[in-house]
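Here the structure comes first, spelled out in structure tokens, and everything after it is commentary.
Computed from a prediction, not measured in an experiment: that's the story for all the values here.
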Amino acid sequence: MSLFKRFFKGIIHDRHPEDETPKVKEKPKPKYHGTVTPYPHFDASSDVSVLQSAIQSKDEDVIVAILVKRNNEQRQKIKAVYEASTGKNLVKVMKSVLRSDLEDVVLALLMPPAYFDAFLFRKATKGLGTDEDVLVEILATRSNKEIEEIKKVFKQEYQIELEEVIKRETHGDFNKALLAMLSAKRDETTEVNMELAKKDAKVLFEAGEGVGKADVSTFINILTTRSGPQLSKMFQHYATISDLTLPKALQLELKGDIEDCLIDIVKCAWNMPAFFAEKLHQAIEGHGTSERALNRVLVSRSEVDLQKIIEEYKAMFQRTLQEDIVNDTKGDYQKALLGLCGSY
């Protein structure tokens, strides 16, 4: 069974939003689904002292042990204290000490989230070719606030508007979809409008299966502006008026980057942790391992929903993510990835 069929044929389990925000004194307190938590009794000065010794002796194991067990806020404090006490830039020092995949994941850990995302956009659009999957992954899975922060940081770091880069590097309907997501106008309410779900399902049916050629603009407008819960309900209504699921209809009606883009949006709306589980599996399976994808997903989701991603991974592929990491990586790089999974 293909990954696409696994995703939409029920091997993964549905979301249950009502189980995710237990109430404490009548105020909702969201559950934490990250794997990296604030280190108890954190002392930045003590960590810097240990890191200095580890850097001098090139003890990669100690460097990893500290950084993967501190959350991002704590890592930023370590960077600040290190620079204040040594007069050196910790990122530059790490570049001189570490190599290859371990260097990449450590440098990612030392970036604030918006800076890491901006860096990923830069890498995906610079040089020969554009990594379309990375662009879609980030824009489809970040909140409106996060997207606005990414745009701000990108302009600050690279002296060009992210919108201009996307206009330059992409074309056609795919370009329109990316710019729609970049506008950060997705509805983020959790309430579902049942009538709107029915209406959207009918509109999309008529825009796709009901005409000779798909009206891609209609698909882009609805899929990039509705909330995840709203889209999930719309998918259910779509199945009642069509012989096809919406993803299958997209496969038949569209081709190329815009097909992949809209299907990824559908996957994220239905079950975002499963979307990332599939990304991780694709990074590991087959010939060679995509360390870039492993780093990108594990670092960016470690304080968001990596626990749920790990659960979905096991449900979808009948083995644990940690087992696959052990089989496909080695050394301190492996320890860093396992640490981000909460296993080191």
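Considering only heavy atoms from C-beta on, Glu312 stays 4.5 Å or farther from Phe275 through its side chain.
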| message | Run Asp324 and Arg319 through salt bridge (Lys or Arg N to Asp or Glu O under 4.0 Å) and show every step you take. | response | CA-CA 8 Å; Asp324 280 351; Arg319 59 184 182 273; 2.8 Å; yes
| message | Go through it in stages, so that I can follow the logic: the residues are Tyr115 and Gln156, the test is side-chain hydrogen bond (donor to acceptor under 3.5 Å, both in side chains), and I'd like the CA-CA distance, side-chain angles, deciding distance and then a yes or no. | response | CA-CA 10 Å; Tyr115 283 77; Gln156 172 186 313; 2.9 Å; yes
| message | For Glu169 and Thr130: C-alpha separation, side-chain torsions, deciding distance, then whether side-chain hydrogen bond (donor to acceptor under 3.5 Å, both in side chains) applies. | response | CA-CA 7 Å; Glu169 297 294 330; Thr130 301; 3.3 Å; yes
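Summarising the geometry of Ile78 relative to Val48, their closest heavy-atom pair is O-CG2, 3.6 Å, with the distance given to 0.1 Å. Of all heavy-atom pairs spanning Val106 and Leu67, the tightest one is CG1-CD1, 3.6 Å. Pairing each heavy atom of Asn72 with each of Pro112, the nearest pair is OD1-CA, 3.5 Å. Taking each heavy atom of Ile241 and Ala201 in turn, the nearest pair found is CD1-O, 3.5 Å.
The other residues sharing a hydrophobic cluster with Val192 are Met194, where clustering joins ILVMFWY side chains under 4.5 Å apart.
The structure places CG of Leu340 at 13.5 Å from CZ of Arg301, a figure rounded to the nearest 0.5 Å.
If you run salt bridge (Lys or Arg N to Asp or Glu O under 4.0 Å) between Asp47 and each of Arg70, Lys79, Arg75, Lys77, only Arg70 comes through.
Taking a cutoff of 4.0 Å between a charged side-chain nitrogen and a carboxylate oxygen, Arg296 and Glu137 qualify as a salt bridge. Comment: Glu206 engages Lys202 in a salt bridge, judged by a side-chain N to carboxylate O separation of less than 4.0 angstrom. Between Asp131 and Lys123, no side-chain nitrogen of the basic residue sits less than 4.0 Å from a carboxylate oxygen of the acidic one, so the salt-bridge criterion is not met. Using a 4.0 Å cut-off between charged nitrogen and carboxylate oxygen, Asp61 and Lys335 count as a salt-bridge pair. Between Glu148 and Lys145 no salt bridge is recorded (no basic side-chain N to carboxylate O distance below 4.0 Å). Electrostatic pairing of Lys167 and Glu163 counts as a salt bridge here, judged by a charged N lying under 4.0 Å from a carboxylate O.
Remark: the Gln230 side chain and the Asp187 side chain contain no N/O donor-acceptor pair separated by less than 3.5 Å. For the residue pair Gln236/Lys233, the side-chain donor-acceptor check at 3.5 Å is satisfied.
Among residues at least two apart or in separate chains, ring pair (Phe, Tyr, Trp, His ring centres under 6.0 Å) pairs with a member in residues 143-184 are Phe154-Tyr158.
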